[in-house]
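Lettering follows sequence order; numbering is per chain, from 1. None of the values given here were measured: they were computed from a predicted structure.
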Amino acid sequence: MNSNRLPSLGHRLYSVWFRHVLVYTRNIISNGLPPFMDPLIFLAGVGLGLGKYIVSMDDLPYIQFLASGLLVTSAMYTSAFECTYGTFIRLEFDKVYDGMLAAPITTSDLIVGEILWAGTKGLFFSFAVLIMISIFGVIPLSTSVFAPFVGFLTGVMFGALSLLITSFVRTINHFSFYFTGVLSPMFFFCGVVFPMSNLPRFIQPLAWVMPLSHPVVLARALCTGRFHAWHLLSLLYILALTAVTGAFAVRRLRKRLVQ
Amino acid sequence: MTKSIITVEHLHKSYGDLKAVDDLSFSIGHAECFGFLGPNGAGKSTLMRILYGTAERELRPETKVDVFGFDPLSHELDIKFLSGVVPQENNLDEELNVNQNLLVYSKFYGMRSREAGERITSLLEFFELSDKRKAKIRELSGGMKRRLTIARALLHTPRLLILDEPTTGLDPQVRHLIWEKLRDLKKEGLTVLITTHYMDEAFQLCDRILIMDKGRKAMEGPPQELLDRNIEQYVLEIVSADAAKALSSAQVPDGVRVDRSPERPVFYSNEAHLLRRISKGLGHGEYHLRESNLEDLFLKLTGRELNELQ
C-alpha cells in the first residue's frame with residue numbers, strides 16, 4: 001500500500017517541471033550549446049559588419065543596444081517554440097498529457113507547470129546571452145546580472161500566450177502564422193533593433209501594446225542602469241498579460257484534454 | 001461481494017447527439033475483476049475516463065459516481081492517487097528512456113527517490129523488462145511497451161487498476177503473460193477494472209462482466225452464468241460457402257435456433273446431436289461444431305452488423 005500522501009500543489013508543479021528538465025537535459029550538448037552560440041554569431045555579425053555603419057542608437061553603442069534586446073528575444077523565441085510546437089506534439093502526437101493526466105495531476109497543474117518550464121528556458125537562454133556579452137565586454141557587469149530574471153518573465157509571458165495560441169490550433173502548420181505574423185514583427189518593431197521612438201507616431205501606441213516591448217524596456221534598463229518609475233508599468237503589464245493569457249489557456253486546453 | 005469500491009448510478013454522457021453512456025449503473029467490490037465488454041464506440045473508454053476524472057459526466061440529480069468514497073468531479077486527485085490507469089494508447093514518453101518514464105511518474109505520485117528506484121527495479125523484473133531499463137521507447141516492441149505501461153500504472157502500488165483494452169494487438173505469448181501477471185496482482189487484493197472486446201480475455205480474467213451496447217447495459221453477471229442463462233450450449237458454424245447456401249433455407253428441427261444473418265447461417269442448440277444431424281451431409285472442414293462462448297453471446301446481444309462507430 002502506498003504510504004505516501006497526496007502530493008501538494010507545489011510538488012505537482014515541480015514534478016511536471018521535472019519531466020521537462022529531464023527531457024531537456026537528456027541531450028545536454030545539443031540543447032545546451034546553441035543558446036551560447038547564437039548570441040556569439042549575432043554579435044560577431046553586428047560587430048564585424050553592421051556596427052561600422054551604425055555607431056550609436058538611443059545614446060548607446062549600437063552593439064550594447066542590440067545585445068540588451070537579444071537577452072529578451074532569445075527568451076521569447078525559446079518559450080514560444082516550447083509552448084507551440086512542443087506543446088502541440090505532446091498534446092496531439094505523443095499523447096504525453098493524456099498519460100500524465102492519469103496520474104494525480106490536474107490540467108491546470110499541467111499547464112502551469114508548462115508555463116514555469118517556459119520561464120525556466122527563458123531564464124537559461126537569457127543567462128546564456130548575458131554570459132557571452134559579458135565575456136566580450138559588450139555590457140559591463142552591473143545590474144545587468146539581474147537581466148536573466150527578465151528572461152524568466154519573458155519566458156513565462158510568452159509561454160502563457162503561446163499556450164493560448166496553441167489551444168486554438170488544430171494543425172501544426174498553423175503555428176507559422178504566429179511566428180511570422182506576431183513574433184517576427186515584434187522582433188523588429190518593439191525596440192530590439194531600433195528605438196520605438198523612431199517609429200511613426202501613430203504606430204507607437206500600437207507597439208506599446210505588443211508584449212515584447214515591455215521586457216525589452218526592463219532588460220535595457222538593467223543593462224544600462226537607467227531606471228524610470230514608469231518601468232514598473234512594464235513589469236505590471238508582463239504580470240497582467242501572463243495571468244490573463246495563462247488563465248484562458250488553462251480553460252481552453254482543459255476543454256481539449258478533458259472530454 | 002464485500003463492500004463496494006466503485007458505485008455508479010444512472011450515469012449519462014453525450015457527445016453532441018451521440019449518447020456515449022446511457023443510464024448506466026453498476027458497482028464493483030474489493031479485489032474483484034470487473035470487465036466491460038462492448039463493440040468499439042460502445043462507451044467503454046468514456047466510462048473509464050469518467051471514473052478517474054478526465055471526462056466529465058452529464059450533471060443530473062439522480063446520477064451518483066463514487067470511487068473509494070470520492071466523487072471524480074470534486075476529488076479527481078484523490079481517485080487518481082489510489083488508482084493506476086493503463087489507457088488504450090500506450091502514451092509513453094518517447095522523449096525519455098524506460099527508467100526515466102517510470103522515474104517521472106514516481107515524482108507525480110510523490111514517491112521518494114530511493115523507494116522509487118527499488119519499486120522500478122522490482123516492477124521491471126515482474127514484467128520481464130529488466131534488460132530494457134536504459135532502452136529508448138521506440139526500441140521496444142508493442143508487447144514491451146504495453147508491459148511498461150502496465151508497470152507505470154502499478155508504480156505507486158494502487159488499490160485499483162484500470163485497464164483499457166490491455167492486450168489489443170498483442171501476440172498470444174504476451175497476452176498470456178499479461179493475464180498471468182494480472183491474476184497474480186488480483187490475488188494480492190488489487191481491484192481490477194478492464195475493458196476489452198476479446199471475449200476469451202474477459203472469460204479468463206473477470207469475476208463479473210458487463211456487456212455494453214450503444215452506451216447501455218445489455219447484460220451483467222459472472223461470465224459462465226451469463227452463458228448458461230442466455231445462450232445455447234452448442235454452436236454449429238458453416239464454413240464453406242456452398243454448404244451455407246444449401247443450408248440457408250433448410251428446415252430446422254425443434255430445439256435448434258438459427259441465426260441467418262448476414263451471409264452464413266449459424267445454428268444454436270443445447271443438444272449437440274441435433275446440430276450433428278444438420279451437419280451430417282457436410283464434409284470435414286466445411287463446418288465447425290463447438291461449445292458456445294462469450295463471443296456468441298456478445299454477437300447475440302449486440303448484433304452481427306456493424307454500427308456507424310465501428
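In this structure, Asn97(B) CG and Leu22(A) CG are separated by 8.0 Å, a value rounded to the nearest 0.5 Å. Note that CZ of Arg254(A) is 4.5 Å distant from CD of Glu56(B), once rounded to the nearest 0.5 Å.
With a 6.0 Å radius and a threshold of 12 heavy atoms from other residues, nucleotides or ligands, Ile28(A) has its CD1 atom above the threshold. Counting non-hydrogen atoms of other residues, nucleotides and ligands closer than 6.0 Å to CZ of Phe152(A) gives a total above 12. More than 12 heavy atoms of other residues, nucleotides or ligands lie within 6.0 Å of OH in Tyr15(B), so this atom counts as buried by the packing criterion. Counted within 6.0 Å of CZ on Phe149(A), heavy atoms from surrounding residues, nucleotides or ligands total 12 or fewer; the atom is thus considered open. Counting non-hydrogen atoms of neighbouring residues, nucleotides and ligands closer than 6.0 angstrom, the CZ atom of Arg60(B) exceeds 12 such neighbours. Few gaps surround CZ on Phe18(A); more than 12 heavy atoms of other groups in view lie less than 6.0 Å from it.
Residues Leu77(B) and Thr106(A) are in side-chain contact: their nearest non-hydrogen atoms beyond the backbone lie under 4.5 Å apart. The shortest side-chain heavy-atom distance between Tyr109(B) and Ser15(A) does not fall under the 4.5 Å cut-off. A 4.5 Å side-chain heavy-atom check between Arg19(A) and Asp93(B) finds at least one atom pair inside the cut-off. Using a 4.5 Å cut-off on side-chain heavy atoms (C-beta onward), Leu6(A) and Asp78(B) make contact. In this structure, Arg49(B) and Asp98(A) have side chains that are in contact, with non-hydrogen atoms separated by less than 4.5 Å. Met100(A) has its side chain within reach of Tyr105(B): a pair of non-hydrogen atoms, C-beta onward, lies under 4.5 Å apart.
Heavy atoms only, all atoms of each residue included: Val16(A) and Phe108(B) are closest at N-CE2, 4.0 Å. The heavy-atom pair separating Pro7(A) from Gly110(B) by the smallest distance is CG-N, 3.8 Å. What you find for Val85(B) and Ala102(A) is that their closest heavy atoms are CB-CB, 3.6 Å. Closest of all the heavy-atom pairs between Lys80(B) and Ile105(A) is NZ-O, 2.8 Å.
Neither the backbone nor the side chain of Tyr97(A) comes within less than 4.5 Å of any heavy atom of chain B. For a residue to count as touching a neighbouring chain, one of its non-hydrogen atoms must lie under 4.5 Å from one of that chain's; by this rule Leu257(A) touches chain B with the backbone only. Only the side chain of Glu89(B) comes within less than 4.5 Å of a heavy atom of chain A; its backbone N, CA, C and O stay farther away. In this structure, the portion of Arg152(B) lying under 4.5 Å from any heavy atom of chain A is its side chain and not its backbone. Heavy atoms of Ile79(B) lying under 4.5 Å from chain A are absent altogether.
Here Gln100(B) is the residue among Glu76(B), Lys13(B), Gln100(B), Glu94(B) with the most heavy-atom pairs under 4.5 Å with chain A.
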